[in-house]
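Report on the structure given below.
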Amino acid sequence: MNLVLAVVVGGLYAAGLYLMARRSVVKLIIGLCLIGHASNLLIFVSGGLTRGRPPLIRPGAETLTAPYADPLPQALILTAIVIGFGVLAFAMVLIHKVYVAVGSDDLDQMKSTDA
Amino acid sequence: MAPVGKPVTLFLQTFGQQDTHPASAVTKIMIECLLTIFGLALVAPFLHWALRSTTHWFLGAIVAGITTWLALQLPAVASGATLHAAFAWVPALGVNFSLMADGLGLLMALIICGIGTLIVIYAGGYLADHPLLGRFYAYILLFMGSMLGVVLADNIIVLFIFWELTSISSYLLIGFDHERAAARAAALKALLVTSLGGLALLAGLLLMGTAAGSYELNEILTRGDVVRSHTLYVPILILILLGAATKSAQFPFHFWLPAAMEAPSPVSAYLHSATMVKAGVFLLARLTPALGGTPAWQGSLVAIGAITMLVGAILSLSSDGLKRILAYSTVSVLGTLTMLIGIGTLTAIQAAVLYLMAHALYKGALFLLAGSVSHATHLYDADDLGGLARRMPLTAVAGFLAALSMMGIPPLLGFIGKESLYEATMTAASEIGKAGTDHYSTGWTRPIMSLTPLAVAAHMLLFVVVVRVGVRPFLGRSRPSAHPPQEVSPSLWLGPLVPAVVGIIGGLLAGNVGSLIVAPAVMAVRGEPHEAAPLALWHGLTPELALSALTLFGGLILFAARRRLVQAAASLSRLADWGPDAGYDRALATLNLAAKTQTRVLQNGYLRWYLLTVLSVTVLLVGYPLIEHMELPEIKNLSDIWHFELMLAAMTLISAYAAVRATTRLGAVAALGAVGYSVALIYVYYGAPDLAMTQFLIETLMVILFVLVFYHLPPFSIFSGRAARLRDTLLALAFGAMMTMLILTTRANQSQPRISEYFVEHSLTEAHGRNIVNVILVDFRAIDTLGEITVLAVAAVGVFALLKLRRSAKKEEMR
């Protein structure tokens, strides 16, 4: 199962990077999103995979019984998802402003700081 | 007894025991003197603000006090003692802040503080109207302290740090008039040349310390045999020689010194004639017991020194400015000193010490005098000046005395210096031959025999220099000038006059100077007590006297023919296009060009090029070892994979591919949403319900936001060509494959125990929560979550500000 998810992560990275290397700002942002997903999954897979055993302590029990999914990567990813959203929201408003100012979404048209 | 063997007992007798005892009162004062000067440098601008026009007298008095204290130590040092003071500085690295004052160090310290006193006083008059005079005091005191540190250092790390500090303060002082481009360029030139040499010196010192097994100079100096027979001896010698040659402006590094004349006169007098440029010579003398005496040492030093002596003397002819003429003559003298240390016989070392002293006095005086003359007349070229003796009598007296000393006329110190120089070059061959059984080499007889005529020739040329600078401006008809010259203020004539007078006193009291100052310094260099004849002004009719007379006679003839000489020198200056100065300019231009090209290529302003560069380097650096050491245990049990997992993976990848290939914005956003939901399903499947919930929520918000914003943007267009797309595809796939391999390798090599077990065990008992992920976020790692919330808040403020910006921009349009 690691193999499958490893391939998924690789594919997401490839797609994200290809989009980030485009000249269009919109594609750049979409690529950034994909890389965000890829990185979250990377942490998730690196922590080890366990099917269908969430780290929740059942009522009445004192502690978890193995096997259970590793809670630490999940906590990290939860933070990453939320922060990623904040960054993306900011980036989207920013590129919208840039488009209003420059009149193009081509990165190569944005070399001058005087626009 | 071999000359190297002797110092062991000497050093042990004098301060070997003090190492274990607390520093005595006398040696403590040595450290305090050093700290006082650095402390004064710190407060100098404020002092100047408070004391205004009396600052220089106040500072001068303090430095004079330190000079007096140093002078009082002379008798003790002359009787064979060495002052020693130390405290642990960086004990972890075995670096001690240790100082020692032997004959050589004390002589240099006296020159530094004695002339330093006059320089501080002189600067107060010379730069009286300069708005940054306070800063000047700070720089010059910083230099004084650093230079004192160089000559008193006992630890090679301490020595190096002070050495570099002198380079830095020299940079600040040369560029003191920082609004002039020429001053800035000259300062940079001096800094680059001397600090490149400084780097070499550091390497050389460390190698030497390793070879000798100690970083303490007094120990290294007793282990000369070990250092000289070490396999790294030649590299050590070359590196240290590079440091000394750049600092002391030896050929081919001499060119920074004339350029440094952009500095104010007191700086030229102090740093670039009396003290700092002598640091290289001092270092060579200091390390003679450790490195000296081998054929490599003698050959390189004598060759470099003799060439520098001649080149400096010849170049001094082709210059017009008073200070440039003096600068080239200083280069010549520094070459002479290096040559004498290279010869290394008793007579030669004695001559070097005498010559160094005499030169510091007369050249310092001449530089200050040049400054005073230019200050009074506003003229800078030697040939424009004349008849100043009547208007500036005291300055003229100083000029004549200094000039006589430099010409080598009795009874001045310069006479004794030059006599002993000739004696050293004449007797060198026979003395080296005599000591041939020792570590002094034979086989150098013939080249060393030729040094005498070279020295005589160089000094004939220097005679022309001294007449042009020290005599001519005061004699003859006075020239018409826009500024009628007047005698300068006391602080300005005191500077040149005192060293000039000291020069004549030193000459008259030659015997005392010899036993009190010269002999201890020679002993420190030679490492053995010596039985040289006591110094005297008059030796009777000797061959040296004949050579002196010949020099004067030849000098007079050369002076008479100086116009033709200057023309000849000017025609020689065409060679300068291939000289080291032009080489420096070319090297600097090439370096700048390379930096610019490199910046243009790497920092081209295109985001995707940065991205592609970083990615390809990463793929190469990480991918290669991954392929090398790849282990794939998981591939064997493919039956472990469930169908549902495969479907999920396919869905994610197909959505991602759709996002890449989408031709419309809406399509791309929809595909991106599909990727997000698929990822959320993966989280559900592998036991992460919290992640899945958050992901669903955020993904939905994101798609809405995208649609809202993208609605205003133009449709997708393809900007890049087919080749670029193919290249990016390949690189992206390579990077993706690398990440896949990275994960598999990580999973295959997990050795660390899981931290999570701690959280799992304590989640309910200590934090009273059953959802462990939530407990980690809000309890165990609550501060992290606080940081996360802050980031979100900042992003929200940013978004709000950007939206607000639009509105105010519209408002402006409406107006």
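All values below were derived from every heavy atom in this structure, side-chain atoms included, with hydrogens, water molecules and symmetry-related copies excluded. Keep in mind that this is a model prediction, so the values were computed, not measured. We name chains A, B, ... by the order of the sequence lines, and we start the count at 1 in each one.
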* Asked: So, the side chain of B:Thr740 versus the backbone of A:Ala6: is there a donor-acceptor pair under 3.5 Å, distance only?
  -> yes
* Asked: Are the side chain of B:Gln695 and the backbone N or O of A:His37 linked by a donor-acceptor pair below 3.5 Å?
  -> no
A quick test of your reading: do over 12 heavy atoms of other residues, nucleotides or ligands sit less than 6.0 Å from [atom1] of [X]?
{"X": "B:Arg727", "atom1": "CZ", "result": "yes"}
{"X": "B:Tyr685", "atom1": "OH", "result": "yes"}
{"X": "B:Leu701", "atom1": "CG", "result": "yes"}

Which pair of non-hydrogen atoms, one from [X] and one from [Y], has the smallest distance, and what is that distance?
{"X": "A:Ala15", "Y": "A:Leu34", "result": "CB-CD1, 4.0 Å"}
{"X": "A:Leu19", "Y": "B:Ala659", "result": "CD1-O, 4.2 Å"}
{"X": "A:Ala69", "Y": "A:Gln74", "result": "CB-NE2, 3.6 Å"}

Counting heavy-atom pairs under 4.5 Å to chain B, which of [options] comes out on top?
{"options": "A:Tyr68, A:Phe90, A:Tyr18", "value": "A:Tyr18"}
{"options": "A:Leu88, A:Leu78, A:Val7", "value": "A:Leu78"}
{"options": "A:Gly31, A:Gly86, A:Pro55", "value": "A:Pro55"}
{"options": "A:Leu56, A:Thr79, A:Val9", "value": "A:Thr79"}
{"options": "A:Ile29, A:Val25, A:Ile83", "value": "A:Ile83"}
{"options": "A:Gly52, A:Pro73, A:Gly84", "value": "A:Gly52"}

* How many angstroms lie between CE in A:Met92 and SG in A:Cys33, if you round to the nearest 0.5 Å? -> 6.5 Å
* Asked: If you round to the nearest 0.5 Å, how far is CG of B:Asp728 from CG of B:Leu612?
  -> 5.0 Å
Top of [options] for chain A proximity - count of heavy-atom pairs under 4.5 angstrom:
{"options": "B:Leu611, B:Val791, B:Val760", "value": "B:Val760"}
{"options": "B:Trp609, B:Tyr683, B:Phe735", "value": "B:Tyr683"}
{"options": "B:Met739, B:Met738, B:Glu699", "value": "B:Met739"}
{"options": "B:Ile789, B:Ile772, B:Leu792", "value": "B:Ile772"}
{"options": "B:Gly769, B:Ala649, B:Ala688, B:Ala656", "value": "B:Ala688"}

Chain B heavy atoms under 4.5 Å from [X]: which part of the residue, side chain, backbone, both or neither?
{"X": "A:Arg23", "answer": "both"}
{"X": "A:Ile30", "answer": "both"}
{"X": "A:Leu28", "answer": "side chain"}

* To do: Could you give me the CA-CA distance, side-chain angles and deciding distance for A:Asp70 and A:Thr50, then say whether side chain to side chain contact (heavy atoms under 4.5 Å, CB included) is met?
  => CA-CA 8 Å; A:Asp70 194 342; A:Thr50 312; over 6 Å; no
Toward chain A, the part of [X] with a non-hydrogen atom under 4.5 Å:
{"X": "B:Ala734", "value": "neither"}
{"X": "B:Leu733", "value": "both"}
{"X": "B:Val799", "value": "both"}
{"X": "B:Val679", "value": "side chain"}
{"X": "B:Leu697", "value": "neither"}
{"X": "B:Leu705", "value": "both"}
{"X": "B:Leu691", "value": "both"}
{"X": "B:Phe706", "value": "both"}

* Structure fact -> Residues pairing under side chain to side chain donor-acceptor pair (under 3.5 Å) where one sits in residues 760-772 of chain B, two or more places apart or in two chains, turn out to be B:Asp690-B:Asn771
* Contacts of type side-chain contact (heavy atoms from CB on, under 4.5 Å), residue B:Ser616, not counting sequence neighbours -> B:Leu731
* Asked: So, do B:Leu646 and A:Val4 sit near enough that their side-chain heavy atoms are less than 4.5 Å apart?
  -> yes
* Validation row: B:Val675, B:Tyr657 side chains within 4.5 angstrom (heavy atoms) -> no
* To do: Before giving the answer on side chain to side chain contact (heavy atoms under 4.5 Å, CB included), spell out for A:Leu42 and A:Tyr13 the whole-Å C-alpha distance, their side-chain angles and the decisive distance to 0.1 Å.
  => CA-CA 10 Å; A:Leu42 172 70; A:Tyr13 267 115; 3.7 Å; yes
* Residues in residues 775-788 of chain B that sit under 4.5 Å from chain A, counting heavy atoms only -> B:Ile776, B:Leu777, B:Glu788
* Asked: A:Phe85: what forms a ring pair (Phe, Tyr, Trp, His ring centres under 6.0 Å) with it, not counting sequence neighbours?
  -> none
